[in-house]
Amino acid sequence: MSSSLSPDANDGEAVRRDRILSSKLYFDVPSSKVPVIYSSSYDISFLGIEKLHPFDSKKWGRVCQFLIAAGVLRKDQIIKPLEAKKNDLLVVHPESYLNSLKNSSNVAKIIEVPPVALFPHCVVKEKVQRPFRNQVGGSILAGKVAKEKGWAINVGGGFHHCSAERGGGFCVYADISLCIHYAFVQLNISKAMIIDLDAHQGNGHEMDFAHDRRVYILDMFNPGIYPFDYEARRCIDQKVEVVSGTTTSEYLKKLDEALEVAATSYDPELIVYNAGTDILDGDPLGLLKISAEGIAKRDEKVFRFARARNIPIVMLTSGGYMKSSAKVIADSIENLSKQRLIDTESSPHRT
C-alpha cells in the first residue's frame, strides 16, 4: 500500500504515474483491426551482423507473413504500435541505465553480438535499439487491447532477461514490467500474473517485481541453461523446473499441474504470457524436446486457462533460436483461431 511507502518512494510513484498518463503509447484502435500487434520496424537488419547471433532477427515479420498466407488475418487488420520514447522507458528504467545504452559496447554485450561495439552510437541506436523500442511499444499497447478485446498478441517483445537496471540475453528493455506498470495506472488493474514459458528463466521481471505482491509469477524453465540467476529464482511465486531433454508429454503434464496450482493461488485481472518457442526440439539454447504440435497445445492450454476465467491475456513471442520458430508461432496462432480461443475477424466499420 502506498501509505507505507517512504516520501521518496511516494514521489517516485507520482512521477511514474505522470509519465504513464502523458504517454502516447496507448491509443484508440479502430474496430477494423484485430488484436495482433506488429510493425515492420520490429525486424533487425544490420549489414548482416545480426546473423552472428542465433536469434532470427526477422522472425517477427515472418510470423505475420505466414499468418497472412494462411488466411488467418489480412495485413490491413494488424495493429501498428508507436515506438517507446525515453519518457516511456523511464517509467521503469533509471536514466543511468538508458545512458549506459549510449555506449555501443554495452549494447553489444546485452545482445551478445560483439562487433556491434565497433559502430557509433547513432548507428546502433537506429539499427538495434529502435526496433526493440518499437516492440516495447507493442507490448505496452497489448495490455490496453487485451483489456478491451479479451486478448492481444504482440508478435514480438518478451524481453524477460531485462530488469529496470540491467539488460542481458538479447533483452535491452524491460517490456514485460512496462506493460504491467502501464496497466496498473491506465486500466485500473491491481493484480497481474506473468506466465513465463520460455525455456530460460525470466530473471528480469522477477527482479523488478521481487517485492510487489500485485504480481504473481509462474515461471517454467530449464534450470541448466542461462541465466543461472539464483537471486531472481527466490522471487518466483511458482517455480517449475523442466530439465534438458524433457519431452512433449512430460512438459504438458507439468504445465497442466502448474496451471491447476496457479488457478487456486491467485486471481489476476491481467495475464502476461511469455510464449518463447525455444522449448522446441532442436533449439540450440533451450535444450528441451518439445514438438511443434506440443507448442501449439501449450499455447492453447494457457489461452483456455485465461479465457475460461475471463482474464485478459497478452501473449509475447520472446525467445526461439531456430529458423522454424516463425512457422511454429504462426501455426500456433492459427490453432488458437481454429479453437475459437481468439477471434481474428475484425468488427465491421461503425457509422
Side-chain angles (χ1 to χ4, degrees), residues 8-29 37-46 50 57 60 79-111 113 116-117 119-145 154 156-187 204-205 207-209 212 272 314 316:
D8 284 349
N10 277 324
D11 289 346
E13 283 301 314
V15 171
R16 170 181 279 167
R17 181 179 178 83
D18 288 346
R19 285 197 169 109
I20 290 171
L21 292 175
S22 65
S23 173
K24 294 180 172 59
L25 295 179
Y26 270 22
F27 57 85
D28 291 331
V29 175
I37 300 169
Y38 166 76
S39 165
S40 59
S41 57
Y42 282 19
D43 300 304
I44 298 172
S45 181
F46 193 0
E50 69 278 0
S57 63
W60 310 288
I79 301 168
K80 183 177 179 180
L82 298 173
E83 177 187 342
K85 301 295 187 181
K86 180 181 177 181
N87 221 43
D88 303 311
L89 299 170
L90 284 169
V91 165
V92 163
H93 295 292
E95 189 137 15
S96 57
Y97 175 72
L98 297 182
N99 285 338
S100 76
L101 300 178
K102 295 175 182 177
N103 184 325
S104 296
S105 65
N106 288 336
V107 177
K109 287 174 192 168
I110 291 170
I111 68 170
V113 182
V116 166
F119 289 83
H121 167 64
C122 59
V123 176
V124 175
K125 181 181 179 182
E126 182 65 23
K127 293 293 188 178
V128 178
Q129 291 166 246
R130 186 166 176 266
F132 286 136
R133 288 198 305 272
N134 276 284
Q135 293 190 45
V136 170
S139 295
I140 291 170
L141 177 62
K144 177 181 187 289
V145 175
N154 182 22
F159 305 131
H160 66 157
H161 297 307
C162 187
S163 66
E165 300 191 7
R166 187 175 67 188
F170 205 68
C171 301
V172 181
Y173 302 112
D175 67 318
I176 294 175
S177 302
L178 284 158
C179 172
I180 290 172
H181 278 294
Y182 271 70
F184 283 155
V185 172
Q186 289 272 32
L187 305 179
H205 58 72
M207 293 305 296
D208 283 347
F209 295 115
D212 194 332
V272 177
V314 168
L316 310 172

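All figures in this text were calculated on a predicted structure; none of them were measured in a lab.
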Are side-chain heavy atoms of D88 and L178 found at a separation under 4.5 Å? no

Chi angles and distances behind the ring-ring contact (aromatic ring centres under 6.0 Å, His included) call for H181, F209: CA-CA 10 Å; H181 278 294; F209 295 115; 5.4 Å; yes

Would you indicate whether R166, at its atom CZ, is surrounded by more than 12 heavy atoms from other residues, nucleotides or ligands within a distance under 6.0 Å? no

Between C162 and H93, is any pair of side-chain heavy atoms under 4.5 Å apart? yes

Give a yes or no answer on whether the side chain of N103 reaches the backbone of S100 with a donor-acceptor pair at less than 3.5 Å. no

State, without any angle test, whether S39 and N134 hold a side-chain donor-acceptor pair at a distance under 3.5 Å.
-> no

- Check the pair D28, K144 against salt bridge (charged side-chain N to carboxylate O under 4.0 Å, His left out), reporting the backbone distance first and the verdict last. CA-CA 9 Å; D28 291 331; K144 177 181 187 289; 3.5 Å; yes

Is there a side-chain contact between V29 and I79, using heavy atoms and a 4.5 Å cut-off? yes

When rounded to the nearest 0.5 Å, the distance separating CZ of F119 from CD of E126 is 14.0 Å

Nearest heavy-atom contact between S139 and L316 is OG-CD2, 3.4 Å

query = Any side-chain heavy-atom pair from I110 and F170 closer than 4.5 angstrom?
reply = no

Looking only at heavy atoms, the pair that brings G137 and L25 closest together is CA-CD2, 4.2 Å

Inspect the surroundings of CD in E165 and state if more than 12 heavy atoms from other residues, nucleotides or ligands are less than 6.0 Å away. no

When rounded to the nearest 0.5 Å, the distance separating CZ of R17 from CZ of F184 is 13.0 Å

Closest non-hydrogen contact found for S105 with A117 is CA-CB, 3.7 Å

Q | Side-chain heavy-atom pair W60, Q135 within 4.5 angstrom cut-off | A | yes

Q: Kindly say whether G204 contributes a backbone atom to a donor-acceptor pair with the side chain of S163 at under 3.5 angstrom?
A: no

message = Would L21 and Q186 count as a side chain to side chain contact (heavy atoms under 4.5 Å, CB included) here? Give the steps.
response = CA-CA 7 Å; L21 292 175; Q186 289 272 32; 3.8 Å; yes

In terms of heavy-atom contacts, V272 and C179 come closest through CG2-SG, 4.2 Å

Closest non-hydrogen contact found for N87 with S22 is ND2-OG, 4.1 Å

### Query
Does the side chain of Q129 reach to within under 4.5 Å of the side chain of H121, using non-hydrogen atoms?
yes

query: Can you check whether Y38's main-chain N or O pairs, donor with acceptor, with N154's side chain at less than 3.5 Å?
result: no

One should read off an interatomic distance between K24 NZ and E83 CD, to the nearest 0.5 angstrom, of 13.0 Å

* In terms of ring plane angle, is the pair F132 and F159 parallel, tilted or perpendicular, where the classes change at 30° and 60°? -> perpendicular

- request: Measure the shortest side-chain to side-chain distance between D175 and I140 over non-hydrogen atoms and say whether it is less than 4.5 angstrom.
  value: no

Quick check against the 3.5 Å criterion: does N106 have a side-chain atom that pairs as donor or acceptor with the backbone of L101? no

Rounded to the nearest 0.5 Å, the CD atom of E95 sits from the CG atom of L98 at a distance of 7.0 Å

Q: With the side chain counted from C-beta on, respond yes when K85 and R133 share a heavy-atom pair under 4.5 Å apart, and no when they do not.
A: no

Heavy-atom nearest pair, P94 first then A164, reads CD-O, 3.2 Å

task = Could you walk me through whether L82 and Y26 pass the side chain to side chain contact (heavy atoms under 4.5 Å, CB included) test, one step at a time?
result = CA-CA 9 Å; L82 298 173; Y26 270 22; over 6 Å; no

